[in-house]
Amino acid sequence: MQNEAEPPSYQQIASRLRTAIQRGDLAPGAKLPSVRHLAQIEQVSAPTAEHALRLLEAAGLVVARPRSGFYVAAGKLAEPQPALPRAMARPVTLTASVHQLFARVRSPDLVALGAASPCAEWLPEKALARSLLSASRRLGPSALAYSVPPGRLDLRSQIARRAARWGLHLSPDQLIVTHGQSQAMRLALQVTCQRGDVVAIESPCYFGTLMLMRSLGLRAIAVPTHPRSGMDLAALERILRTHPVSAVVAVPTANNPLGFTMPVAGKRRLVELLDDAGVPLIEDDVYGDLSAGKPRAPACKAFDESGNVLYCTSVSKTMAPGWRIGWIAPGHRFDAVLEARVEASLAGTPLLEAALAEMFASGDYDRHLRRYGQRIKDSVRTISARIAATWPEGTRLRCPDDGFLLWVELPACVDALSLYEAAGSEGISISPGVMFCPEGHSYGHHVRINCAQPTTPKLLAALDRIGTLAAAQAGSRALPAVAAQAQ
Ligand SMILES: Cc1ncc(COP(=O)(O)O)c(C=O)c1O
């Protein structure tokens, strides 16, 4: 007998399935039990079981395939639309939120969906401690001395050995160890540009590069960038013909914020195009090692025969952001970069450099990457499914090819900056889209979400809350109507 106060059985069944989908227990694309099987499991009639599945179908959470059954809706959301920024060189102005975001990241109670930082508990703390101890014993008192640029040879040799595995053949003499990727990028910009020069960048693009450009007094020209294929090379070619571009900056692998990995043909073409134009390519490959379960994507630098690519990366996104170790392979600008590196901060930290060399040599880094990559994949899937199920209608999202960032386009009437403020006052950080463009007011209804963390109930509740806040702005309900009814 049905209890009067209880919702009907079909709604209860739909609610349980909906929870499993939102938690990621039933992944996008997974097959649901057949009507007959579901009826048996739930001990209801077949029409009741079918009614539950149809409710979920009407909510867009599952799709019915003729003669096959019901499946969890995969990629229910359309992908974000490519932007068409005006081809205009402009000074980098940014918004205050860039600095506020950094301030918020420091709060321990925060649900940190904003910063592109891996959560500390996913980093290989024990292996790092072991490598530090062993490096300290090996180096003795010299661990306390300066590591003179270009940096320790054991580290540079390990970096070169690893890069050769995915097709980038460098000698240790072509590498300079830096203070994170940010210093590598700063040096690259410094040796290729002068104050007032124009740099072509992806649109949207990583705000750290914009901050560097602002501090160096550079102007930016935004190149239309497709969420799947990356920088639009035809548009870039037009820009190169019509503007005096001094350098091009790109994040072609696991792009921040769009998540694409540019196809190899595109990477080759980008290298050729810039080589022919005599314009240096500054490649940011900081997420390049995050290709879990697939062969690592080659960087553009692997196709650079003339030395025109300045390749910059670090271990900040994979292993130890606080160690601040990165490197640059500056091609034929090696001497200029080395000089600038010495001028920037004289020397590096030998203990950390030696410990990182040990992490690479022992295989600990690779072991960590495999586990970490799988965790990222699972989180990305769960968070994408949650957003697809609970954010307002009209939300667009594409799962990243690689890396851990989701770029989400909300309905056009949502103001992501006020969403950021409202979420911030409830202890949740998100990165509003306006941070990802030089003038600070494009991408007003976009947000970037960091998935490099466990999908705890607190995190999922925070995602739902953002969905509800966005829906309130959009004047729609956060949960798809029928699914909400089934709760
Ligand atoms: C694309 C990109 N490049 C560089 C960095 C910064 O790297 P690092 O911490 O090594 O300076 C980040 C950090 O968010 C990033 O997303």
Side-chain angles (χ1 to χ4, degrees), residues 94 97-99 101-102 104-106 112-120 123 151 155 159 175-190 199 201-213 215 220 225 230-231 248-262 281-291 297 299-301 310-329 341 344-345 348-349 352-353 356 376 400-407 429-433 435-438 447-453:
L94 291 170
S97 49
V98 175
H99 293 284
L101 181 88
F102 285 128
R104 276 194 187 144
V105 164
R106 286 195 286 270
L113 293 164
S117 254
C119 70
L123 300 177
L155 176 58
I159 293 169
L175 289 160
I176 300 170
V177 179
T178 58
H179 196 65
Q181 190 278 353
S182 305
Q183 189 183 53
M185 177 61 70
R186 175 177 280 272
L187 300 176
L189 288 169
Q190 250 174 264
V199 175
I201 47 164
E202 289 147 339
S203 177
C205 71
Y206 165 54
F207 55 78
T209 305
L210 293 172
M211 292 199 290
L212 281 174
M213 286 173 58
S215 83
T225 302
M231 201 177 251
V248 174
V249 173
V251 188
T253 303
N255 178 271
N256 176 4
L258 287 175
F260 65 81
T261 287
M262 196 178 200
L281 171 61
I282 306 179
E283 178 176 29
D284 178 346
D285 195 38
V286 81
Y287 297 93
D289 280 348
L290 297 179
S291 51
C300 289
K301 181 71 181 167
L310 298 99
Y311 173 83
C312 308
T313 190
S314 75
V315 288
S316 300
K317 303 301 162 187
T318 52
M319 200 188 71
W323 280 24
R324 308 306 300 135
I325 296 200
W327 53 94
I328 179 167
R341 170 69 187 87
S345 67
T349 45
L352 295 180
E353 290 179 16
L356 181 54
I376 287 175
D401 295 325
D402 298 294
F404 52 72
L405 301 172
L406 290 184
W407 181 245
S429 84
I430 51 174
S431 294
M435 295 169 70
F436 299 86
C437 58
V447 295
R448 191 197 66 185
I449 300 290
N450 168 30
C451 301
Q453 53 193 317

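A quick note: this is a predicted structure, and the numbers were derived from the prediction, not measured. These values consider heavy atoms only, across backbone and side chains, with no hydrogens, waters or symmetry-generated copies. Just follow the structure's listing: the first ligand is 1, and inside any ligand the first atom is 1. Numbering of residues begins at 1 and proceeds along the displayed sequence.
Under a 4.0 angstrom heavy-atom cut-off, K317 registers as being in contact with ligand 1.
Distance from atom 11 (O) of ligand 1 to its nearest protein heavy atom, with residue and atom name: S182 OG, 2.5 Å. The protein non-hydrogen atom at the shortest distance from atom 6 (C) of ligand 1 is Y206 OH, 3.5 Å. Among protein heavy atoms, atom 4 (C) of ligand 1 sits closest to Q181 OE1, 3.1 Å.
With a 4.0 Å heavy-atom cut-off, ligand 1 is reached by the side chain of R324 but not by its N, CA, C or O. Counting heavy atoms closer than 4.0 Å to ligand 1, residue M185 contributes nothing at all.
In the model, S215 has a side-chain atom that pairs as donor or acceptor with a side-chain atom of R186 under 3.5 Å. Judged by distance alone, the side chains of T318 and D289 never bring a donor and an acceptor atom under 3.5 Å apart.
Results of the side-chain contact (heavy atoms from CB on, under 4.5 Å) test with R448 over L113, L406, N256, L258 single out N256 as the only residue that passes. Of the candidates D285, T313, D284, D284 is the only one forming a side-chain hydrogen bond (donor to acceptor under 3.5 Å, both in side chains) with Q181.
Closest heavy-atom contact between S314 and V286: OG-CG2, 3.2 Å. Here the shortest heavy-atom pairing between S345 and R341 reads OG-NH1, 2.9 Å.
Each of the atoms 1 (C), 2 (C), 3 (N), 4 (C) of ligand 1 lies under 4.0 Å from some heavy atom of D284. Every atom of ligand 1 is numbered from 1 in the order shown, and the set under 4.0 Å from a heavy atom of S316 is 8 (P), 9 (O), 10 (O). Against a heavy-atom cut-off of under 4.0 Å, G180 is close to the following atoms of ligand 1: 10 (O), 11 (O).
Residues satisfying the ring-ring contact (aromatic ring centres under 6.0 Å, His included) test with F436, not counting sequence neighbours, are F207, W407.
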